[in-house]
Amino acid sequence: MATLGIPANTIAVLKKYNFNFQKKFGQNFLIDTGVLETIIRESAITKDDCVLEIGPGIGTMTQYLAESARQVVAVEIDKNLIPILKDTLSEYNNVEVINDDILKTDIRAICDKYNDGRPIKVVANLPYYITTPIIMGLFESHVPIDSITIMVQKEVADRMQCGPGSKDYGALSLAVQYYAKPEIVANVPPNCFMPRPNVGSAVIKLSRYEKAPVDTVDEKFMFSLIRASFNQRRKTLSNGLTNGGIGMTRDMVTDALEKMELSPTIRGEALSLEEFAKLSNILYEMKKNGV
Ligand code: SAM
C-alpha cells in the first residue's frame, strides 16, 4: 500500500471507497509527510514500544507507527473506516484495529493484553471536539502511560503549556502540568489536512512524570479547588472557593491565604500549581479538623 501521507494516495483511497467525511467525528486527515515524520520522531517510538493510536482515520499515521513500533493498537469510532483500514494496513501484522469510542474503551485492558501492563505511548491526530475529555481520561484513569504525542488545536496546545499570568491559563493547564511535562514540538497549518480545519493546529508532547512535581495530601480535593477557582474566572479566589460548593467558609479561605502570605483579593489565575497544592493542603487540614 502506497504512503497515504502523499495527498494523491489519500484521494485515491477516499475515491475507491466513496468515503464521506463525517464532521461530527472531527475527521481531518493528515496529508503532509513532513508533519507525520515530525510526530514519529518526537514520540521517540522504538521497536520495544506498544502504541495506542486514537482515531486512525484511513491509517495514514498508523502506517508510520507500524513501521517504528513493536505493536500498534488503533481505536476508531467510525465503522465505515474499518474496511478501509483493513486494506491500507494489510501489509502489517503488528496492528490491531478496534472499532470503538475511545471514551468508552478500557485502555488498561489494552495495556495488559498488548504490553504486559507496562507503560504505553499514545500518539494521535485527535478529533478536536473531544480533546479535553480524552486527555483528562488518560491521566485520571492512572493507566500506565509513558508519553502522549498529539495533534490538537493550537489554542488548546497553548492552554496546556502556559503558566500563571497568561490569558490561556486555566484548569487544563494545571491538570496537564500536574501529570506531565508539556512541550509544543510543531505548529501545523490547516493546509496539512484534508479537509482543512478552520483553526491552526499544533503537535504537543506530554511526557508523564513518574512522581508529581508537587506534594498534595489529596489530589482530588486539589482539583476540586482548581475547578471552583476557574469556574468563576472574573471573581476573586476567595469568592470562587466560598461559592464553589466544596464546603469552604470565607474565614477558612481568608486564613489559608494569610498563612500563604497571599492577598485576600487574589484571583485563581495568579496561582501556580505549587501554590494550589499548598493551598489545598492547608484547606484540607482545616476541613478535616473542622477549623
Ligand atoms: N489519524 C488520522 C489522520 O491523522 O489522518 C485521522 C485523524 S482525524 C483528526 C480524527 C479521527 O478520530 C477520525 O478518524 C475520527 O473518525 C476518529 N474519532 C472521532 N471520535 C472518536 C472517538 N470517540 N473514538 C475513537 N475515534 C474517534
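Atoms within a ligand are numbered from 1 in the order they appear, just like the ligands themselves. Please read all numbers here as calculations on a predicted model, not as lab measurements.
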Can you sort out which atoms of ligand 1 are near [X], meaning under 4.0 Å from one of its heavy atoms?
| X | answer |
| --- | --- |
| Leu81 | 14 (O) |
| Asn125 | 3 (C), 4 (O), 7 (C), 8 (S), 9 (C), 10 (C) |
| Leu126 | 9 (C) |
| Gly26 | 8 (S), 9 (C), 10 (C) |
| Val75 | 25 (C), 26 (N) |
| Asn28 | 7 (C), 8 (S), 9 (C) |
| Gln27 | 13 (C), 15 (C), 16 (O) |
| Glu53 | 1 (N) |

Please determine which of Thr88, Asn80, Asp87 meets the side-chain hydrogen bond (donor to acceptor under 3.5 Å, both in side chains) test together with Tyr17.
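Exactly one option meets the side-chain hydrogen bond (donor to acceptor under 3.5 Å, both in side chains) with Tyr17, and it is Asp87.
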
Where is the nearest protein heavy atom to [atom]: which residue, which atom, and how far?
| atom | result |
| --- | --- |
| atom 19 (C) of ligand 1 | Phe25 O, 3.1 Å |
| atom 12 (O) of ligand 1 | Gly55 CA, 3.2 Å |
| atom 26 (N) of ligand 1 | Ile77 N, 3.3 Å |

Looking at Glu274 and Lys278, does any basic side-chain N land under 4.0 Å from a carboxylate oxygen?
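Here Glu274 does not pair with Lys278 in a salt bridge, since their nearest N and O are not under 4.0 Å apart.
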
What I want to find out is whether Asp158 reaches Lys154 closely enough, with some N-O distance under 4.0 Å, to be called a salt bridge.
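Looking at Asp158 and Lys154, the cut-off is met.
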
Should [X] be listed as contacting ligand 1, given a heavy-atom distance under 4.0 Å as the test?
| X | value |
| --- | --- |
| Glu76 | yes |
| Ile54 | no |
| Ile134 | no |
| Asp101 | yes |
| Phe193 | no |
| Asp100 | yes |

Show your reasoning for whether side chain to side chain contact (heavy atoms under 4.5 Å, CB included) applies to Glu42 and Val203.
CA-CA 9 Å; Glu42 294 295 340; Val203 180; 5.7 Å; no

Separation of Gln161 CD from Leu172 CG (nearest 0.5 Å)
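Going from the CG atom of Leu172 to the CD atom of Gln161 covers 12.0 Å.
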
Between the candidates Ile102, Ile31, Leu30, which shows the shortest non-hydrogen contact distance to atom 5 (O) of ligand 1?
Leu30

Do the ring centers of Tyr178 and Phe223 come within less than 6.0 Å of each other?
yes

Does CG belonging to Asp101 count more than 12 external heavy atoms closer than 6.0 Å?
yes

If you draw a 6.0 Å radius around NZ in Lys47, do more than 12 non-hydrogen atoms from other residues or ligands fall strictly inside?
yes

All N/O donor-acceptor pairs, side-chain side in residues 137-148, below 3.5 Å, sequence neighbours left out:
from	atom 1	to	atom 2	distance (Å)
Ser141	OG	Gly137	O	3.0
Ser141	OG	Leu138	O	3.1
Ser141	OG	Val143	N	3.4
His142	NE2	Glu219	OE2	3.4

Residues that Thr33 engages under side-chain hydrogen bond (donor to acceptor under 3.5 Å, both in side chains), provided they are two or more places apart:
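For Thr33, no residue satisfies side-chain hydrogen bond (donor to acceptor under 3.5 Å, both in side chains) once neighbours in sequence are set aside.
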
Could an N or O of ligand 1 be found under 3.5 Å from any N or O of Asp78, whether backbone or side chain?
no

